[in-house]
Number of protein chains: 2
Amino acid sequence: MGMRSDSRLARMLHVLVHMALLGGRETSERIAEMLNTNPVVVRRTLGALRDHGIVASEGGRGGGWKMAKGLDEITVLDVQRALDAGPILPAATSSDHPSCPVERASNAVLTAAHAAAEARLVEIYATTTLAEIARTAMATAKGEA
Amino acid sequence: MGMRSDSRLARMLHVLVHMALLGGRETSERIAEMLNTNPVVVRRTLGALRDHGIVASEGGRGGGWKMAKGLDEITVLDVQRALDAGPILPAATSSDHPSCPVERASNAVLTAAHAAAEARLVEIYATTTLAEIARTAMATAKGEA
DNA sequence: CTTTCTGTAACACCATTTGTTACGGAAAGA
DNA sequence: TCTTTCCGTAACAAATGGTGTTACAGAAAG
């Protein structure tokens, strides 16, 4: 039951596409089945997307979750930012002797390389909408039938 | 005393440049002071570099660590690979319903984006030698004097 | 008032780096 | 030979952050 890595972004892309294709309202219970997990995990994670206007939630009988935007209005980057405002790729520098020029030069190289990689990642995230993922999924499903 | 993130690469770049600039042999004790940590941590981490021919170690009185290559023969990628043979950036996909076309399409987007970012990172790592880091450090130190 | 929802708090679990203590073994020097 | 100085390793605790669960509180519909 441990953690292998952070799968929140992948799970949210997955579930958002499903919700849009299904069209109506879905409960945390049903979404948890899609993600093979627990309803509380769903509320926690979808809650972050609600706070960023991607989905809307309603409590009480007949409540649940629905899309607040169309799939073509949501990019992968939007979802990523809703889950975590910070940098996507961790810095990986050291701070053992902050005044040491050698440590500073090493950190500078790593920071620059990291920034370049993150820029590439953000570029792709920002230009990929969930609508494209939905199209790919439907094409794959049709090809398999 | 806990773990913030993986600083092994940054620390190894730092210490390798110092070792090369000092020229001779260094003990784990002295290197631990450079990294503000414990000698056992140094043996553990430098041990991985030794297994990849970057440094050499010798036990017993007068022993210690020395460079096995010149700074201009070692790239950041060499050090990274010595520390970890796997991919640098974790996959971040989900595997809740491996046969679901939507999950597969989501994972495919993330995997492709990740691969592009890692390619950029590797490109920079592979073309940056420790000699360049040493030059930057010395230029910075001179500028500060 | 009961049922069905979301919203949280409060935990235990896992994986991984890090820090630390405690040895064993090898090499050099007295 | 005995001592000192090294590396090599095992073993264990701490910190971290997503995850899985249980347990309630609150709100809305019937």
Side-chain angles (χ1 to χ4, degrees), chain A residues 1-12 15 19 24-33 35-51 55-66 68 80 82-96, chain B residues 1-12 14-15 19 24-51 55-66 68 80 83-88 90-96:
Chain A
M1 280 146 193
M3 176 200 82
R4 264 157 221 163
S5 65
D6 186 350
S7 64
R8 288 176 301 158
L9 177 58
R11 279 179 152 178
M12 289 304 97
V15 80
M19 285 171 66
R25 229 179 263 270
E26 297 293 331
T27 67
S28 302
E29 185 74 34
R30 278 178 49 90
I31 295 172
E33 287 167 11
L35 297 181
N36 203 32
T37 181
N38 195 289
V40 178
V41 175
V42 172
R43 292 189 196 111
R44 246 192 326 231
T45 317
L46 272 183
L49 305 199
R50 179 200 55 225
D51 296 343
V55 296
S57 66
E58 207 164 344
R61 193 174 193 133
W65 303 84
K66 65 172 183 181
Q80 166 65 37
L83 293 173
D84 192 342
I88 303 173
L89 307 178
T93 57
S94 65
S95 54
D96 302 311
Chain B
M1 284 150 203
M3 176 202 83
R4 261 157 224 165
S5 66
D6 187 349
S7 64
R8 288 177 300 158
L9 177 58
R11 278 180 153 178
M12 289 303 98
H14 179 185
V15 79
M19 285 172 66
R25 230 179 263 270
E26 297 294 330
T27 68
S28 301
E29 185 75 34
R30 278 179 49 91
I31 295 172
E33 287 168 12
M34 296 180 200
L35 298 181
N36 204 31
T37 181
N38 194 289
V40 178
V41 175
V42 173
R43 293 189 194 111
R44 239 181 344 217
T45 317
L46 271 183
L49 304 198
R50 179 199 55 226
D51 296 344
V55 297
S57 67
E58 206 163 347
R61 193 173 193 133
W65 303 83
K66 64 173 182 180
Q80 167 65 38
L83 293 173
D84 192 342
I88 302 173
T93 56
S94 65
S95 53
D96 302 311

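Lettering of chains follows the sequences in order, A, B, ..., and the numbering in each one begins at 1.
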Take atom [atom1] of [X] and atom [atom2] of [N], then tell me their distance rounded to the nearest Å.
| X | N | atom1 | atom2 | value |
| --- | --- | --- | --- | --- |
| A:Asp6 | D:dT19 | CG | C1' | 10 Å |
| B:Lys66 | D:dC6 | NZ | C1' | 15 Å |
| A:Leu46 | C:dC5 | CG | C1' | 14 Å |
| B:Arg30 | D:dC7 | CZ | C1' | 17 Å |
| B:Asn38 | D:dA10 | CG | P | 17 Å |
| B:Leu35 | C:dG19 | CG | C1' | 13 Å |
| B:Leu9 | C:dT16 | CG | P | 18 Å |

Note to self: Taking any heavy-atom pair under 4.0 Å as a contact, classify B:Arg11: base, sugar-phosphate, or nothing.
What the structure shows: sugar-phosphate
Margin query: Regarding B:Arg25, tell me which of base, sugar-phosphate or nothing describes its non-hydrogen contacts under 4.0 Å with the strands shown.
Written below: nothing
For [X], enumerate each residue passing the side-chain contact (heavy atoms from CB on, under 4.5 Å) test, keeping only those at least two apart in sequence or located in another chain.
| X | answer |
| --- | --- |
| A:Thr93 | A:Ala91, A:Asn107, A:Thr111 |
| B:Arg61 | none |
| B:Thr27 | B:Glu29, B:Arg30 |

Check: Do A:Ile31 and A:Met19 pass the side chain to side chain contact (heavy atoms under 4.5 Å, CB included) test, and can you show the C-alpha distance, the side-chain angles, and the key distance before you say yes or no?
Finding: CA-CA 9 Å; A:Ile31 295 172; A:Met19 285 171 66; 4.1 Å; yes
Check: So which pairs with a foot in residues 84-96 of chain A pass salt bridge (Lys or Arg N to Asp or Glu O under 4.0 Å), sequence neighbours left out?
Finding: A:Asp96-B:Arg11
Item checked: Candidates D:dT22, D:dG18, C:dT18 - which lies nearest the side chain of B:Arg8 -> C:dT18
Item checked: Residues in side chain to side chain donor-acceptor pair (under 3.5 Å) contact with B:Arg44, at least two apart in sequence or another chain -> none
Next item on the list: For A:Ser94, enumerate each residue passing the side chain to side chain donor-acceptor pair (under 3.5 Å) test, keeping only those at least two apart in sequence or located in another chain.
Entry: A:Glu103
Give me the distances for all protein-to-nucleotides 1-3 of chain C N/O pairs that come in under 3.5 Å?
residue : atom : partner : partner atom : Å
C:dT3   : O2   : A:Arg61 : NH1          : 3.4

Next item on the list: List for me each residue that meets salt bridge (charged side-chain N to carboxylate O under 4.0 Å, His left out) alongside B:Glu33, sequence neighbours excluded, and say none if there are none.
Entry: none
Note to self: Please confirm whether the shortest side-chain N or O distance from B:Ser7 to OP1 or OP2 of C:dT17 is below 4.0 Å.
What the structure shows: no
Item checked: Evaluation steps, side chain to side chain contact (heavy atoms under 4.5 Å, CB included), between B:Val41 and B:Arg8 -> CA-CA 10 Å; B:Val41 175; B:Arg8 288 177 300 158; over 6 Å; no
Margin query: For nucleotides 6-12 of chain C, give me one character per nucleotide, 5' to 3': B if any protein heavy atom sits under 4.0 Å from the base, S if the only such contacts are to the sugar-phosphate, - if neither.
Written below: BBBBB--
